[in-house]
Structures are given as C-alpha cells and as structure tokens.
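Only one structure is covered here, and it is reproduced in the block below.
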Amino acid sequence: TVREAITLASVRSVVVTGREEEWRFTPVTAITQTSWRPSTGVSEEITREQLAPFIFGHEEWCTLVFVNGEYAPALSSPGNLPAGVVATSIAEALRNGGEVLQRHFAKYARIEENPFTALNTALFRDGGFVHVSAGVDLSLAINLVFVSTADATGTVTHPRNLIVVERNARASVVESYVTLAPGARYWTNSVTEVWTGPNSWVEHTRIQRESEAAYHVATTQAERARRPALRSAAQRPRAPYRRCGPRSKPGARRRSRRRR
C-alpha cells in the first residue's frame with residue numbers, strides 16, 4: 001500500500017543511513033531492502049492438534065491465537081478468567097473502546113524514538129489486549145500465540161500488544177512466536193506495551209520458536225508506577241541476535257529490541 005511504502009521508506013532512511021544512533025550497528029539491510037507483502041491472515045486449515053506443542057500442556061490457560069497476524073477465535077481458548085480480567089484481541093478492544101485503551105494504548109512505545117515502532121503503529125492489524133483490574137490475583141498465565149504458516153512466506157506482520165496490570169494485581173503473560181513452516185522466510189515486527197500499577201507484580205515472557213529463515217524485530221516498552229515488580233525474559237533458541245535496553249525505574253520506560 002502507499003502508506004506502507006512511505007513508512008518503510010522512512011525506516012530505510014533513518015536506519016540504513018545510520019541517522020538513528022540506536023540502530024547504527026544493527027544490520028537490518030536484509031529487512032529494509034526486501035519487498036514484503038502484507039499478510040493474508042488465516043488462509044489455511046489449522047487444527048488445535050498442530051498447536052498443542054505451543055500451549056505447554058496447560059489447556060486451562062487463557063490462550064489467544066493469531067495466525068499470520070489475524071486473530072483466530074476458533075483456535076483460541078478463553079480459559080477460566082476471574083472477574084476483573086479481560087483478555088481479547090486488540091482489534092476487538094479498539095472497536096469496543098473504553099477508558100483503559102484511551103489511557104494506555106500507544107502511549108509508551110513512541111514512534112519518534114523507534115522507526116520500527118512507527119511502522120508497527122501505522123500498519124498493525126491485531127494483537128493481544130490484557131487488562132487485570134486492581135487487586136486481582138491472576139493465578140493462571142495468559143498465553144498470546146502468534147503462528148506463522150507457509151502462507152506467511154514473503155509477508156510481514158505487525159503484532160501490537162497492550163498489557164495493563166492495575167494496583168495490587170498480579171499476572172503472568174506469555175508471548176509465543178512460533179511457526180508451522182520451519183523453512184519459511186517472513187518478517188515479524190512486533191510492539192508490546194506494558195503498564196504496571198503501584199504494588200503490582202507482572203511476569204512477562206517472550207518465546208520465539210520461529211523459522212530459521214525468518215526475521216523478527218521486537219520492541220517491548222514498559223511504564224511502571226511506584227513499587228511494582230516487573231520481570232521480563234526472552235527465550236530465543238534459534239535466533240542468533242538479541243539486543244535489550246536497560247530496565248526502567250519507577251516512572252521510567254524500558255525498551256527492548258530483538259531481531260533475527
């Protein structure tokens with residue numbers, strides 16, 4: 001699309017020419033010089049059995065599945081969420097609106113600080129939205145599973161996630177990026193924003209089990225109120241490159257970027 005071409009051109013200009021200091025030593029030419037098509041979403045039959053290795057044997061977890069960037073409700077499982085917890089696709093949440101999204105969506109991952117965040121913000125299609133109300137202790141994890149199939153070959157997806165955990169609440173969220181096509185070449189450009197309220201506890205885990213030929217750029221931006229506990233970790237068994245920013249202090253931000 002015209003919008004995608006203009007935005008990607010700005011990424012090339014900033015990153016490839018080295019005018020963005022934080023990306024000067026990150027080789028992204030293979031990404032920016034490739035003509036990526038927008039993902040077609042769910043276009044082939046996928047069964048729950050194929051996804052079984054990616055839910056860790058915890059069928060009781062709330063699991064939201066996205067196939068080639070598109071939410072797949074038939075493959076998702078709502079789990080047994082307590083009152084005060086919302087877990088849905090961010091496209092659905094944006095359609096419904098609400099005060100939580102107004103306060104937090106696109107407030108922490110700033111487009112002027114990261115060209116890949118700007119690209120994601122302009123072109124994202126869907127992702128996960130998790131909101132845990134004040135005082136709620138969520139004992140079971142929420143699993144956001146992003147699946148790439150053979151149809152993803154030559155395409156780019158821009159998953160966008162928002163996790164909001166209010167005062168005195170506890171939650172564990174897993175982001176899984178997996179593939180059913182081990183040799184496929186595609187690009188995932190994800191952004192996750194996390195807000196943690198005072199005295200909250202959040203465990204955020206990112207797992208990548210993608211094609212060895214794929215590319216992945218990820219930004220995780222966290223805003224923390226007073227005295228929260230935020231633990232964020234990444235597991236990347238097949239990715240040869242990883243770069244993370246420093247942890248934030250209360251009221252500051254934490255950024256991490258990872259790519260293949």
Please list, chain by chain and in numerical order, all residues satisfying side chain to side chain contact (heavy atoms under 4.5 Å, CB included) with Gln50, sequence neighbours excluded.
-> Ile46, Thr47, Leu180

Do Glu166 and His131 have side-chain N/O donor and acceptor atoms under 3.5 Å apart?
-> yes

Ignoring hydrogens and angles, state whether a donor on the side chain of Thr121 or Arg160 is under 3.5 Å from an acceptor on the partner side chain.
-> yes

Taking only residues two or more places apart in sequence or in another chain, which ones pass ring pair (Phe, Tyr, Trp, His ring centres under 6.0 Å) with Tyr186?
-> none

Thr40 and Asp151: side chain donor to acceptor below 3.5 Å = no

Going by the side-chain contact (heavy atoms from CB on, under 4.5 Å) test, name the single residue among Val65, Val67, Leu64, Asn161 that passes it with Phe146.
-> Asn161

Those residues at least two apart in sequence (or on a different chain) that pass side chain to side chain contact (heavy atoms under 4.5 Å, CB included) with Arg125 are Glu70

Report whether Leu81 and Val202 are members of the same hydrophobic cluster (ILVMFWY, side-chain heavy atoms less than 4.5 Å apart, transitive linking).
-> yes

Can His216 and Glu210 be counted as having a side-chain donor-acceptor contact under 3.5 angstrom?
-> yes

Consider only side-chain N and O atoms of Ser190 and Asn120, and report whether a donor and an acceptor are under 3.5 Å apart.
-> no

Ring centers of Phe124, Phe105 separated by less than 6.0 Å | yes

Do the rings of His158 and Trp187 sit parallel, tilted or perpendicular, given the 30° and 60° boundaries?
-> perpendicular

